[in-house]
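This report refers to the structure that appears directly beneath it.
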2 protein chains.
Amino acid sequence: MTELSTMKDGVANQAEASDRVLQILAEAGRLFASKGFEGTSMRDIALACGISKSLLYHHFSNKDEIYARVAVGSTLELYLFVRDRIPDGPPSQKIRAFMVATAEYFRRYRWAWIASTTAFWNDPDRSRHKERLTRRDRFENFLRGLIQEAIDAGEIRKVDVPMTGRLILSSLNWMHRWYNPNKSATPEQIAEIFFDMIFNGLRSGELVELPGAEPPKAGRRKPR
Amino acid sequence: MTELSTMKDGVANQAEASDRVLQILAEAGRLFASKGFEGTSMRDIALACGISKSLLYHHFSNKDEIYARVAVGSTLELYLFVRDRIPDGPPSQKIRAFMVATAEYFRRYRWAWIASTTAFWNDPDRSRHKERLTRRDRFENFLRGLIQEAIDAGEIRKVDVPMTGRLILSSLNWMHRWYNPNKSATPEQIAEIFFDMIFNGLRSGELVELPGAEPPKAGRRKPR
DNA sequence: ATTTTCACCGACCGATCGGTCAAGCCCGGC
DNA sequence: GCCGGGCTTGACCGATCGGTCGGTGAAAAT
């Protein structure tokens, strides 16, 4: 049904990979996430895996390939992972499900997620980088489609679609900087809270009816 | 009046610093922002400044100190910069001003901002790191104070204050990952749009009155 | 029984890393 | 004149970087 059956140990989409390769990818992802790409040496990865540095080059051609497997493998599956978790129903609930599913992915594949979204990368191989951006665009365009759907259905205001997508993704993408798995809520619960805040707004009660047409840029009304 | 009078060349709070030092800080910030801390060598910085590597060690004791001057100098002034731009008025408008001021700081000191918020850092000197976190906490607590103010004034719902602060800061902190200075809106305009979305919510028109008491976790109401 | 395959390792390579140092350059005060 | 001190430099250091190489030992294939 889904292509995600081979996920394990927090490493996504590494079908047909040996246990050792999965171990290397998991440890490398964790190190890339916490120390960055240039901050992580091949010796660090080998030491974390309890193997010799040479063995890394037996399974991967170089450091870039390890990072690419972590990052590209991660970003590919994010789209499929989320898409398969969007239920039929009102568009606004699809957006909610999008946020919750993305948060679930973050919780499951946390290190690969962080490594792929934050670690720096020289990228001598341009094609790998373009592939990553293409997948990221597809993910973002998928969200924009849901937002447009919600606008067409009249469930949300006529907001700027790309900007709305950026706001939603910002709330999810920044989570790794403050989220502590040992305390408070799960990422999914946090995503639900953020959805509530963004969808319903922070403003308290008594607003009754938005004026019919509002400026396309930012439909604000001056208080006082 | 304000302590920010010595800002120049995108480098904040480096009073009594020579032009050369300011140049080094500016170039180093730009490099740290685009290639990370470990990804930037002292040779890179020297080359960007058109000077020898030795000269860096004449003005700074080591690489960490350069980064600290960029990052800590940046985070210190962010708080003062924003605080001085919050007008008297309704608390919700203070939050709006907070977001716009933070965006203005981002626009002005973009490289130092990015370097301080994203580059990895070994941090052998624990005190510098703690100072940075202290300042960051002060900045975040300042925002939480404004949110609590708005709740007490009845302008916004009884939301989770820390979580609301995280949502607002996420929208601002993630901006550097997609913002393109050559196109579209200014950071300040983007901040205003985000404020509108978060404050008023995305939901369209006809909501009439929020139920008196809502669950503390996430005040959602099931559509259908 | 022999060959092939494959996971694995220790020693090593040239390049680059952060950092040092002794010496020059330049310019205002005597 | 010339002298002292802050900029500035190139040569150099040990450590570590990503990556290579020859080889080992055990299982699989023949």
Side-chain angles (χ1 to χ4, degrees), chain A residues 9 11 14-32 34-71 115 119-126 128-129, chain B residues 9 11 14-32 34-71 115 119-126 128-129:
Chain A
D9 290 338
V11 177
Q14 303 296 345
E16 303 157 17
S18 68
D19 286 350
R20 173 107 308 157
V21 168
L22 292 179
Q23 180 200 12
I24 294 172
L25 290 173
E27 293 291 346
R30 196 175 52 80
L31 287 167
F32 286 144
S34 55
K35 309 203 305 173
F37 178 77
E38 343 281 341
T40 302
S41 72
M42 295 295 272
R43 286 167 178 81
D44 291 336
I45 299 173
L47 185 64
C49 295
I51 60 178
S52 72
K53 186 163 64 77
S54 308
L55 188 53
L56 296 177
Y57 289 93
H58 176 72
H59 291 293
F60 301 90
S61 61
N62 53 39
K63 187 182 178 181
D64 287 317
E65 195 202 325
I66 296 181
Y67 182 78
R69 285 282 288 277
V70 171
F120 290 94
W121 189 21
N122 282 5
D123 185 26
D125 185 341
R126 231 42 199 162
R128 280 198 290 243
H129 191 77
Chain B
D9 291 338
V11 177
Q14 304 295 346
E16 302 156 17
S18 68
D19 286 349
R20 175 108 304 160
V21 167
L22 292 180
Q23 180 200 12
I24 293 172
L25 290 173
E27 292 292 345
R30 197 174 51 81
L31 287 168
F32 286 144
S34 55
K35 310 203 305 173
F37 178 77
E38 342 280 343
T40 301
S41 72
M42 295 295 272
R43 287 166 178 83
D44 291 337
I45 299 173
L47 185 65
C49 295
I51 60 178
S52 71
K53 184 165 64 80
S54 309
L55 188 52
L56 296 177
Y57 289 92
H58 176 73
H59 291 293
F60 302 89
S61 60
N62 53 40
K63 186 182 178 182
D64 287 318
E65 196 201 325
I66 297 181
Y67 182 77
R69 285 282 289 276
V70 171
F120 290 93
W121 190 20
N122 281 4
D123 184 28
D125 186 340
R126 234 38 202 164
R128 279 197 291 242
H129 191 75

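Contacts with DNA chain D (heavy atom under 4.0 Å) in residues 40-47 of chain A: A:T40, A:S41, A:M42, A:R43, listed by number.
When the P atom of C:dG18 is taken as reference, atom CZ of B:F60 falls 15 Å away, rounded to whole Å. The distance from atom CD1 of B:I66 to atom P of C:dC17 is 14 Å, rounded to the nearest whole Å. Atom CG of B:L56 and atom P of D:dC7 are 14 Å apart (whole Å).
Two residues are said to be in side-chain contact when any heavy atoms from C-beta on lie closer than 4.5 Å; A:R128 and A:D64 meet this criterion. A heavy-atom distance below 4.5 Å is found between the side chains of B:R20 and B:I24.
Distances from the side chain of A:S52 to the nucleotides C:dG18, D:dG18, C:dC9 place C:dC9 closest.
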(request) Determine, stepwise, if the pair A:V21 / A:R69 fulfils side-chain contact (heavy atoms from CB on, under 4.5 Å). (result) CA-CA 10 Å; A:V21 168; A:R69 285 282 288 277; 3.9 Å; yes
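Legend: salt bridge (Lys or Arg N to Asp or Glu O under 4.0 Å) pairs involving residues 39-52 of chain B, not counting sequence neighbours, sorted by first then second residue: B:K35-B:D44. Here ring pair (Phe, Tyr, Trp, His ring centres under 6.0 Å) pairs that include residues 51-70 of chain A, with residues two or more places apart or in two chains, are A:F32-A:Y67, A:F37-A:Y67, A:Y67-A:W121.
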Pairwise N/O distances under 3.5 Å, protein to nucleotides 22-28 of chain C:
none

Are there any protein N/O atoms within less than 3.5 Å of an N/O atom in nucleotides 5-7 of chain C, and if so, which ones and at what distance?
unit_1	atom_1	unit_2	atom_2	d
C:dA7	OP2	A:H58	NE2	2.5

(message) Expected output check: what is the dot-bracket annotation of DNA chain C, where ( ) and [ ] are pairs inside the strand (brackets for crossing ones), | is paired with another strand, and pairs are Watson-Crick or G-U under 3.5 Å?
(response) ||||||||||||||||||||||||||||||
